[in-house]
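Each remark here refers to the structure printed beneath this line.
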2 protein chains.
Amino acid sequence: MLARNEADLLARARALEGEPIDRLAARLGVASPGAGARTKGKLGALLERALGATGGARRTWDFPELRIELKTVPLDSRGAPRESTFVCTVSLDDADRAEWATSWARAKLGRVLWIPVCGAPGGARTIGHPLLWSPTPAQDQGLGLDFEEIMGQVGIGDVEGTTARAGQWLQLRPKAAHGRVRTVTHGREGTLVETVPRGFYLRARFTAAILRDPAAVPVLAPAGASLGGP
Amino acid sequence: MLARNEADLLARARALEGEPIDRLAARLGVASPGAGARTKGKLGALLERALGATGGARRTWDFPELRIELKTVPLDSRGAPRESTFVCTVSLDDADRAEWATSWARAKLGRVLWIPVCGAPGGARTIGHPLLWSPTPAQDQGLGLDFEEIMGQVGIGDVEGTTARAGQWLQLRPKAAHGRVRTVTHGREGTLVETVPRGFYLRARFTAAILRDPAAVPVLAPAGASLGGP
DNA sequence: TAGGATCCACTGGTGGATCCGT
DNA sequence: ACGGATCCACCAGTGGATCCTA
């Protein structure tokens with residue numbers, strides 16, 4: 001059941017290509033992820049099961065021995081990601097000391113098994129062509145710049161001033177199960193402030209680019225069209 | 001339902017005196033705490049409900065506005081506590097910086113509503129005479145000495161060398177739902193060691209003494225009889 | 001007898017993504 | 001179209017005491 005190495009894992013992922021989500025769910029004996037607000041996250045859980053990801057331990061990878069993260073990426077009818085991709089939650093209070101090189105975000109993105117899923121939620125969805133990806137040096141550097149920009153602002157205590165507009169590829173967004181969840185961190189004067197928890201996300205257009213070309217270095221204009229790789 | 005002040009809370013607790021546990025459970029529409037390993041903790045939960053304790057928020061008191069902690073203390077046929085009383089879990093890694101004055105243990109013990117319960121688990125148990133207690137200066141000082149002794153040893157990295165034999169009134173004991181639960185802290189050489197989580201407990205003979213005389217300063221010989229207060 | 005081990009309920013936080021108003 | 005808000009599953013940790021041997 002468990003993948004012993006990368007090649008094995010990728011092979012097993014690719015063996016799922018073309019399979020309808022509903023059929024996969026039936027094979028595993030679980031309810032199929034339906035439509036509506038009540039099924040957020042079900043799709044990811046299904047694919048974790050299908051590939052034997054270790055659902056238990058947190059602050060680790062989906063496949064700890066392989067240091068590989070599994071990311072399910074829903075595609076629209078044109079084959080582009082419907083949404084941004086969650087990376088990890090951010091420890092706001094350590095922001096001033098945080099470095100990209102040793103960050104949890106970088107560890108998570110170091111090796112990713114992307115599994116596209118085609119079709120609208122609630123409709124007939126099928127598994128696309130899986131891809132095992134690591135950032136190229138150029139991609140790693142770009143992600144690092146976004147990281148430093150964002151954590152720099154948080155680090156000086158300006159959490160409330162952050163917006164999802166910062167970062168070319170990586171962005172910071174609220175991450176809370178309920179709107180009223182609050183966490184505490186240090187504000188601009190060093191005083192404690194309550195704020196909403198945040199997480200890092202990959203912009204959908206970045207994910208779109210690397211699914212087309214794993215080595216792409218997309219330039220994402222603030223409000224313009226995406227300029228793909230080579 | 002909620003007690004507005006100490007007098008109100010104590011009055012409501014004393015209104016329960018003499019009531020059989022089974023009847024109290026029936027009144028609240030919950031299952032009565034039976035016998036056996038499967039009902040640990042049920043008794044405490046029952047009395048929390050009966051008095052409207054805020055079961056939700058942790059790292060706080062049972063009655064947060066009043067800063068009062070509720071402690072259910074089962075008595076044997078002679079009216080003495082059957083067991084030691086759990087106070088709080090210990091943050092092993094902060095032990096070297098910990099001070100009694102600002103400790104969570106001291107905050108918990110600052111004001112305690114003791115509710116004795118008479119009778120053997122599984123048998124006919126009834127609620128005894130509740131007592132609202134704060135440590136006298138002498139008691140506070142004695143508890144502080146135990147705290148410093150224990151945390152001192154932990155603070156120099158000798159967690160594994162600790163034993164429940166240390167401390168006259170307050171002792172350190174393992175606290176883990178399963179024997180295999182481990183936590184990580186710094187050992188003697190500053191290296192990380194895995195160990196079992198610990199908690200502070202009040203010795204049964206200390207609790208026995210203050211239930212008899214709230215201002216008692218019992219001297220508990222290592223293996224001798226307890227010498228009560230005045 | 002009491003030190004060390006263990007059991008249950010509950011929930012806050014994390015990880016999985018998707019919703020939805022502007 | 002996307003920034004901000006939200007939903008569910010799940011598990012580890014906490015808080016409630018009691019069990020169980022040597």
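We name chains A, B, ... by the order of the sequence lines, and we start the count at 1 in each one.
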Note to self: Using a 4.0 Å heavy-atom cut-off, does A/Ala177 contact any base of the nucleic acid, only the sugar-phosphate backbone, or nothing at all?
What the structure shows: base
Notebook entry, point to check: Does any N or O donor sit under 3.5 Å from an N or O acceptor when you compare the side chain of B/Tyr201 with the base of C/dA2?
Noted result: no
Next item on the list: Identify whether any heavy atom of B/Thr163 sits under 4.0 Å from a base atom; if not, whether one sits that close to sugar-phosphate; answer base, sugar-phosphate or nothing.
Entry: sugar-phosphate
Check: Looking at B/Phe86 versus B/Phe200, is the centre-to-centre ring distance below 6.0 Å?
Finding: no
Next item on the list: Would you mind reading off the distance between B/Trp114 atom CH2 and D/dA17 atom C1', rounded to a whole angstrom?
Entry: 13 Å
Checklist line | Side-chain donor-acceptor contact under 3.5 Å, B/Ser84 with B/Arg173 | finding: yes
Margin query: So if I take every side-chain heavy atom of A/Phe86 and compare against C/dG4, C/dA17, D/dG4, which nucleotide ends up nearest?
Written below: C/dA17
Notebook entry, point to check: When we call it a touch if two heavy atoms are under 4.0 Å apart, what does A/Gly41 touch: a base, just sugar-phosphate, or nothing?
Noted result: base
Checklist line | Proximal nucleotide (of D/dC19, C/dC8, C/dC19) relative to the B/Ala37 side chain | finding: D/dC19
Check: Using a distance-only test with no angle check, is there a side-chain donor-acceptor pair under 3.5 angstrom linking A/Thr183 and A/Glu194?
Finding: no
Check: Among the nucleotides D/dC7, D/dT18, C/dG4, which one has an atom lying closest to any side-chain atom of B/Ala164?
Finding: C/dG4
Item checked: Distance-only polar pair, side chains of A/Gln153 and A/Asp158, donor-acceptor under 3.5 Å -> yes
Checklist line | Atom-pair distance (CZ on B/Arg203; P on D/dA17), nearest Å | finding: 20 Å
Note to self: Once you measure the plane-to-plane angle for B/Phe206 and B/Trp133, does it fall in the parallel (<30°), tilted (30-60°) or perpendicular (>60°) bin?
What the structure shows: perpendicular
Note to self: What's A/Gly199 touching, base or sugar-phosphate or nothing? Going by heavy atoms closer than 4.0 Å.
What the structure shows: nothing
Checklist line | Touch class at under 4.0 angstrom, heavy-atom based, for B/Lys175 against every strand present | finding: base
Check: Can A/Thr89 and A/Arg198 be counted as having a side-chain donor-acceptor contact under 3.5 angstrom?
Finding: no
Checklist line | Interatomic distance, A/Trp169 atom CH2 to A/Thr207 atom OG1 [nearest 0.5 angstrom] | finding: 11.5 Å
Check: So does A/Arg173 reach the base of D/dG4 with its side chain, donor to acceptor, closer than 3.5 Å?
Finding: yes
Notebook entry, point to check: With respect to the phosphate group of C/dG15, does any side-chain polar atom (N or O) of A/Thr89 fall under 4.0 Å of OP1 or OP2?
Noted result: yes
Margin query: Distance criterion of 3.5 Å, no angle test: do you see the side chain of B/Glu83 paired donor-to-acceptor with the base of D/dC19?
Written below: yes
Next item on the list: Give A/Arg82 one of three labels, base, sugar-phosphate or nothing, depending on what nucleic acid heavy atoms sit under 4.0 Å from its own.
Entry: nothing
Margin query: Within the 4.0 Å heavy-atom criterion, would you say A/Ala204 contacts the bases, only the backbone, or no part of the nucleic acid?
Written below: nothing
Check: Where along residues 67-78 of chain B does a heavy atom fall under 4.0 Å from DNA chain D?
Finding: B/Glu69, B/Lys71, B/Thr72, B/Pro74
Notebook entry, point to check: Which is true for A/Arg125 with a 4.0 Å heavy-atom rule: it touches a base, it touches only sugar-phosphate, or it touches nothing?
Noted result: sugar-phosphate
Next item on the list: Return the 5'-most residue of the pair B/Val196, A/Pro174 with respect to DNA chain C, ranking by each residue's nearest nucleotide.
Entry: B/Val196
Notebook entry, point to check: For B/Arg38 and D/dC19, is the shortest distance between a side-chain N/O and OP1 or OP2 below 4.0 Å?
Noted result: no
